[in-house]
**Student:** 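Pasting a structure below so you can have a look.
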Amino acid sequence: MRRLLYLLPALLLAVLLFRFVTPLLRGDDPSRIASVLIGKPVPNFALASLDGTPGPSSDKHILSSASLRGQITLVNFFASWCTPCRAEHPTLMRVAASKKAVVIGIAYKDDPMASAKFLAELGNPFAQVGVDRAGATGIEFGLTGVPETFVIDAKGIVRFRHVGPLLERDVADKILPLLAKLKNEQ
Amino acid sequence: MIAELGQFALSLALIAAIAQAILSLVGAHRIDARFMAAGARAASLQAGSLAFAFGVLLWSHAQDDFSVRNVSENGHRLKPMLYKLAGAWGNHEGSMLLWILVLAAFGAAVALRGRQLPATLRARVVGVQGLIGIGFVLFVVLASNPLARMFPVPFEGNDLNPILQDPALAAHPPFLYLGYVGFSVAFSFAIAALLEGRVDPAWARWVRPWTLAAWCCLTLGIALGSWWAYYELGWGGWWFWDPVENASLMPWLSGTALLHSAVVVEKRDALKSWTVLLAILTFALSLVGTFLVRSGVLSSVHAFAVDPARGVFVLVLLALTVGGALTLYAWRAPQLKLGGLFRPISREGALVLNNLLLTTACATVFVGTLYPLFLDATQGRSVSVGPPYYLRSFTPLMVGLLVAMAAGPLLAWKRGDLAAALQRLWVALLALLIVASLTWYVQGGGPWLALVGFGLGAWTIVGAATDLAERVRLFRVPLSSSSARFANLPRSAIGAAIAHAGLGIAVVGMTGSALWQSERVLTMQVGEKVEIAGYTLTFDGVHKEPGANYVAERGAFRLQRGNGDGLGTMTPERRFYPSQRTTTTEAAIRTTGLADLYVVIGEPDGNGTVVRVWHHPFVPWIWGGAIVMVAGGLLSLADRRLRVGAPRASTPGKVAANVVAADA
Amino acid sequence: MKRLLLLLLLLLALPAFAVEPSEQLKDPQQEKRAREISRQLRCVVCQNESIDSSNADIARDLRLAVRERIRAGDDDEAVIAWVRQRYGDFVLLQPPLNASTAPLWFGPPGLLLIAIIALALRARRVRPAEPAPLTPEEARRLAALERDL
């Protein structure tokens with residue numbers, strides 16, 4: 001019993017070390033935070049639609065949470081001033097071209113003119129673009145910055161969140177399999 | 001060429017460390033004086049080689065030798081010389097070299113100056129220092145070489161982050177490492193004692209000065225860091241409960257506990273295996289700190305840039321060092337003889353309470369720092385642990401500690417009389433009540449924490465004075481007799497009382513600045529006035545002012561007491577450093593010793609200049625208290641008893657400080 | 001990755017530009033509440049800083065959102081709950097008390113309690129023998145020693 005007491009520090013150290021090795025070897029990014037939205041309904045929002053991007057909504061001038069229902073959507077927050085958005089743009093174009101989800105854009109804290117120019121220059125992957133000038137909808141989504149991407153199923157439940165620019169790898173490994181799964185659920 | 005010589009010195013240091021470890025430990029095992037002497041020489045060689053390598057790094061920085069990657073990444077031709085030199089340790093590789101230099105210097109100091117130690121114990125201590133040295137020198141050589149060259153050679157360096165170009169921050173890392181790494185000696189002593197199977201009062205007397213020297217350096221290092229944060233970060237915060245700060249606080253807390261438990265071993269031959277464990281844990285926490293700062297497992301506002309590969313390396317070293325030590329502990333500690341018995345109410349009992357509270361406080365910080373990581377790894381949940389957590393978990397422990405701190409020294413060894421001790425503390429109790437009521441009156445009620453903080457600060461300071469007064473029997477014997485007694489008091493007793501009072505002073509500072517600060521944030525135009533805490537500041541505008549390697553926008557504020565006499569001008573600055581495209585704020589601080597007035601200018605907005613003014617009551621006391629604590633520690637180091645039994649050599653602790661200061 | 005500047009330190013360098021005068025609420029009582037709440041909410045992009053002392057855009061947005069909620073008449077708890085609903089437990093600088101954070105809150109005090117109980121039990125078991133009263137000879141010597149002191 002007494003001996004066991006003396007062994008305790010060593011055992012504790014072993015447990016602690018094990019706990020440290022796992023995240024370190026996984027190469028976790030400590031600044032990554034889990035989203036609270038996963039598994040929850042998409043937050044309520046209603047945004048003016050960017051001119052020239054008529055979307056799935058019945059009202060072509062409003063992009064709202066209600067208008068996302070009934071289809072699998074991929075919601076991407078972007079801004080013309082954001083460099084990583086520029087980098088992920090071709091990837092988004094390819095996701096849109098695959099037609100596996102309706103790709104929706106939300107221009108975060110961006111001048112609508114600048115957003116329109118950005119899309120005209122790089123191509124427009126979005127079925128519809130909402131204008132979130134004040135960033136209020138961003139807060140509703142728990143946004144930490146742009147770009148961020150959400151996958152929402154047909155029932156309007158958030159299923160996936162990606163922080164930072166989408167890479168081909170993210171699409172191939174996470175998004176496409178998820179979209180296929182959601183398709184089956186339907 | 002010079003850098004290559006430094007590289008060579010690093011390799012030599014590695015070989016020397018291996019020799020130091022093997023020769024010393026084998027020599028101690030065989031009781032072979034020649035082996036042990038050779039091990040001691042290897043320790044000097046290791047320290048000398050590393051000092052040379054560090055000198056080379058300093059020289060490269062001073063010369064702006066941009067072919068050395070470390071210099072090109074942190075140097076700049078226009079940087080003032082002090083910061084060129086500080087650039088050598090203001091980054092991961094350079095600071096790691098400083099780290100191993102301090103480690104080797106402490107090893108060499110034991111080898112050279114620890115003559116009063118039994119030969120085998122000394123050799124084992126030196127050998128264990130060598131073992132730790134092997135691992136960390138290897139780390140520097142393989143994974144973070146500060147002297148690596150780069151090609152092509154850039155024309156200009158990247159410069160050191162401007163907010164690090166500061167005198168306090170230039171001195172902060174060396175002191176921090178002297179503290180962190182200084183605890184390695186206590187660790188090595190613990191391992192040596194376990195190997196020898198003997199812990200006795202003599203052992204405690206030998207290990208205490210080293211621990212105390214490291215503790216003084218760490219205290220100073222932490223104080224410098226927080227002082228820097230206070231004046232440089234632009235809003236007067238001095239402690240953020242950030243993981244990196246916590247990393248330095250944890251060894252401080254357990255090191256403080258170690259200092260106190262070693263007293264019990266020294267005086268009463270009790271608490272032996274606990275003290276050995278504390279010595280191991282304190283250095284382990286230093287290593288944890290090194291790991292946290294350099295691995296990036298925790299995000300922190302002031303961690304070094306993240307490199308998981310290095311994190312794994314440090315983790316392996318930590319596992320080997322601490323794992324080995326704790327395994328040895330589990331094996332050998334049960335064989336240590338139980339020491340003297342004592343009643344719960346006694347000096348020993350009070351010191352046990354001190355240890356319980358300090359280690360619990362340390363555990364609180366440890367859990368608070370690492371739990372988010374643990375929870376993320378096990379449940380994928382993200383939580384944050386911030387100041388409100390520590391206010392609720394850490395502060396109560398400190399309150400308990402402060403309450404006990406005044407009474408402890410007044411209890412007798414073995415069997416104390418708590419009632420009598422409390423009776424003698426009536427002045428302190430009176431001070432507590434007066435200060436608390438005054439606080440109540442001044443702030444018109446709550447926050448109650450201010451009552452507790454100021455009251456306990458007074459209690460601690462007066463309690464420390466009572467301790468000394470009791471020892472010299474002040475007012476109970478003639479004053480001349482008291483002063484004669486005072487002259488005969490052991491310096492360690494005076495030092496302890498001073499250190500305790502220092503903590504009381506710091507507590508007053510922390511309480512005042514946390515609870516009584518006031519703030520004004522506003523946009524000002526030229527000629528506008530702002531009032532705070534009875535002062536009036538008149539804004540005289542902003543003008544440009546060139547600096548050595550920056551351009552400053554300097555604001556001018558005329559300061560008056562109320563509407564009365566002018567007290568001069570306060571000139572906060574915003575500095576733009578073109579080489580890093582960084583802007584820093586330089587607060588203007590006017591101190592009365594009792595409170596600071598703190599002015600910062602921000603960017604101009606449409607209606608004028610954004611101005612922030614703070615009044616920080618008692619904030620200078622935080623660092624004043626820290627300095628008093630260090631002074632108490634140094635006085636204690638000068639104790640003549642620590643030299644007793646040292647017929648040939650002088651105080652080890654003092655020597656440690658000297659040797660290391662000379663080497664670093 | 002290899003550039004070992006204290007990059008993140010930069011983020012800390014800027015809090016001087018935290019709460020801007022233009023953000024503040026007119027009502028000083030409400031503004032005070034807003035500051036108090038902001039100090040308990042963690043900035044989501046700048047690690048270990050409250051939104052009150054952070055200069056990040058998103059922190060500013062959250063400061064404004066907090067003030068918006070206060071103006072709308074929410075009490076402090078409702079405001080914090082509003083932010084928590086969107087950003088999760090991560091934003092609370094004081095971790096909530098629940099099953100998964102119980103060790104965080106009760107671990108160290110629990111250990112302290114166990115240690116105190118264990119020590120108390122041991123103290124009852126091993127009692128140092130009462131020292132024998134002083135013999136007259138010892139008492140005389142003690143008195144002499146005390147006189148000399």
Side-chain angles (χ1 to χ4, degrees), chain A residues 1-40 43 81 83-84 109 134 138-145 148-151 157-164 170 173-174 178, chain B residues 194 243 273-274 276-278 280-281 284 287-288 291-292 295-300 303 306-316 318-336 338 363 366-367 370-384:
Chain A
M1 177 60 204
R2 203 168 121 78
R3 278 209 157 260
L4 215 61
L5 205 63
Y6 286 99
L7 197 60
L8 207 62
L11 293 177
L12 242 121
L13 177 81
V15 173
L16 273 174
L17 281 174
F18 180 72
R19 281 292 165 217
F20 269 108
V21 172
T22 359
L24 202 64
L25 294 186
R26 259 204 328 245
D28 278 3
D29 175 7
S31 57
R32 174 191 59 83
I33 54 175
S35 173
V36 283
L37 273 183
I38 307 292
K40 299 219 178 94
W81 45 260
T83 322
K109 291 189 158 188
I139 290 187
E140 294 294 334
F141 273 82
L143 205 68
T144 56
E148 274 191 33
T149 306
F150 297 82
V151 174
I157 306 291
V158 179
R159 302 295 290 265
F160 176 78
R161 177 204 201 189
H162 182 85
V163 177
D170 301 315
D173 294 355
K174 295 175 195 158
L178 177 66
Chain B
L194 287 175
S273 61
W274 169 247
V276 167
L277 182 62
L278 263 184
I280 294 172
L281 288 184
L287 292 180
V288 167
F291 166 69
L292 287 182
S295 68
V297 291
L298 284 174
S299 55
S300 153
V306 174
D307 188 341
R310 283 178 181 155
V312 173
F313 206 127
V314 179
L315 197 65
V316 169
L318 191 149
L320 289 176
T321 313
V322 184
L326 289 180
T327 311
L328 184 69
Y329 177 81
W331 176 36
R332 303 297 295 264
Q335 292 152 25
L336 292 175
L338 277 180
F366 188 81
V367 173
L370 297 183
Y371 201 73
L373 189 77
F374 172 80
L375 207 56
D376 191 39
T378 52
Q379 303 179 18
R381 297 170 60 116
S382 303
V383 293
S384 302

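Below, chain A is the first sequence line, B the second, and so on; all start at residue 1.
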**Student:** Measure B/Leu318 against the heavy atoms of chain A and call it side chain, backbone, both or neither at under 4.5 Å.
**Tutor:** side chain
**Student:** Would you please name every residue forming a salt bridge (charged side-chain N to carboxylate O under 4.0 Å, His left out) with B/Arg332, sequence neighbours left out?
**Tutor:** none
**Student:** Looking at B/Ile280, B/Val322, B/Thr327, which hits side chain to side chain contact (heavy atoms under 4.5 Å, CB included) with A/Leu13?
**Tutor:** B/Val322
**Student:** Considering non-hydrogen atoms only, spot the tightest contact between B/Ala319 and A/Leu17 and give its length.
**Tutor:** CB-CD1, 3.4 Å
**Student:** To check you understand the geometry: which heavy-atom pair defines the closest contact between A/Leu7 and B/Ala330, and what is its length?
**Tutor:** CD1-CB, 3.3 Å
**Student:** Does any non-hydrogen side-chain atom of A/Tyr6 lie less than 4.5 Å from one of B/Leu336?
**Tutor:** no
**Student:** Less than 4.5 Å to any heavy atom of chain A: does that hold for the side chain of B/Leu277, its backbone, both, or neither?
**Tutor:** side chain
